[in-house]
Amino acid sequence: MKAMILAAGEGSRLAPLTEHRPKPILPVLNLPHLTYLLSLLRQFGIDEVVINLHHQAERIVEALGHGDRWGVTISYSFEERLLGTAGAVKRAERHFSEPFLVVYGDNLLDVDLGALVHQHRARGAACTIALHRAPDPTAAGLVETDAEGRVYRFREKPPREEVTTEWANGGVYVLDPALLAAIPSEKMIDFGHDLFPTWIKEAVPIYALPEEGVICDIGTPAGYLAAHAELLSGGA
């Protein structure tokens, strides 16, 4: 199985830390953040990884190289302009002929990727989303499911009075590559804002799996500190 890590963002919320070093390789306990994701992927048998790049792309290539140190082979997908989460995956479409993982590169993770893949296959899903308990549901993409785990509603950052669940998009997906055919090429498009609500209306079989493991967004100063605390306490 292959995976794609989304790592093109500018990390503006972490300025000035990201002025001279891109967010995906900011040090977390003195190691570039993305190395934790590469190690997790390798732990679950994934040895081919695509990483999309934009902001200070050369710094990430210098830090990770071809991935030999982590037992993976890295291919890079360069974006002259940001294409959004789904647009980035569409641009790298040629790498994927079978179901694959998509991982947001600004999350520190300690989740059971094997269980996510197993459910995807068992349900015959086109897409399976890992969920986590959102610290602030109004700042997350909330996901509502039926008893079988099928997603019937996706709400991106609803007002507090409309919050109906604490379970949110964890930024880890298993995707069937057939879904990529309907995504426009070289266009800014996002999974949460654009595609998930549309796919649900079109009855695309999207499932979700609640995760009690660590999904920690390092994209804010508070999240960046929390990731260090998580590791120091023995998590992730």
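For Arg160 and Asp136, the salt-bridge test passes: some basic side-chain N is under 4.0 Å from an acidic carboxylate O.
In terms of the side-chain hydrogen bond (donor to acceptor under 3.5 Å, both in side chains) criterion, residue partners of His120 (sequence neighbours excluded) are, by chain and number, Thr128. Qualifying side-chain hydrogen bond (donor to acceptor under 3.5 Å, both in side chains) partners for Ser75, counting only residues two or more places apart in sequence or in other chains: none. When the ring-ring contact (aromatic ring centres under 6.0 Å, His included) test is applied to Phe191, the partners found at least two apart in sequence or on another chain are Tyr173, Phe196.
In terms of heavy-atom proximity, Leu142 sits nearest to Ala168 at CD2-CB, 4.0 Å. Closest of all the heavy-atom pairs between Ala7 and Ile51 is CB-CG2, 3.7 Å. Contact between Tyr104 and Leu37 at its shortest, heavy atoms only, is O-CD1, 4.0 Å. When every heavy atom of Leu180 is checked against every heavy atom of Val89, the shortest pair comes out as CD2-CG1, 3.8 Å. The nearest pair of heavy atoms linking Gly171 to Asn107 is CA-ND2, 4.3 Å.
Side chain of His33 to backbone of Gly105: a donor-acceptor contact under 3.5 angstrom is found. With hydrogens and angles disregarded, no donor-acceptor distance shorter than 3.5 Å links the side chain of Arg123 to the backbone of Ala208.
Annotation for Glu58: atom CD counts as buried by contact number, over 12 foreign heavy atoms lying within 6.0 Å. Heavy atoms from other residues, nucleotides or ligands lying under 6.0 Å from CD of Glu80 number 12 at most.
Thr164 and Glu144 share a side-chain donor-acceptor pair at under 3.5 Å.
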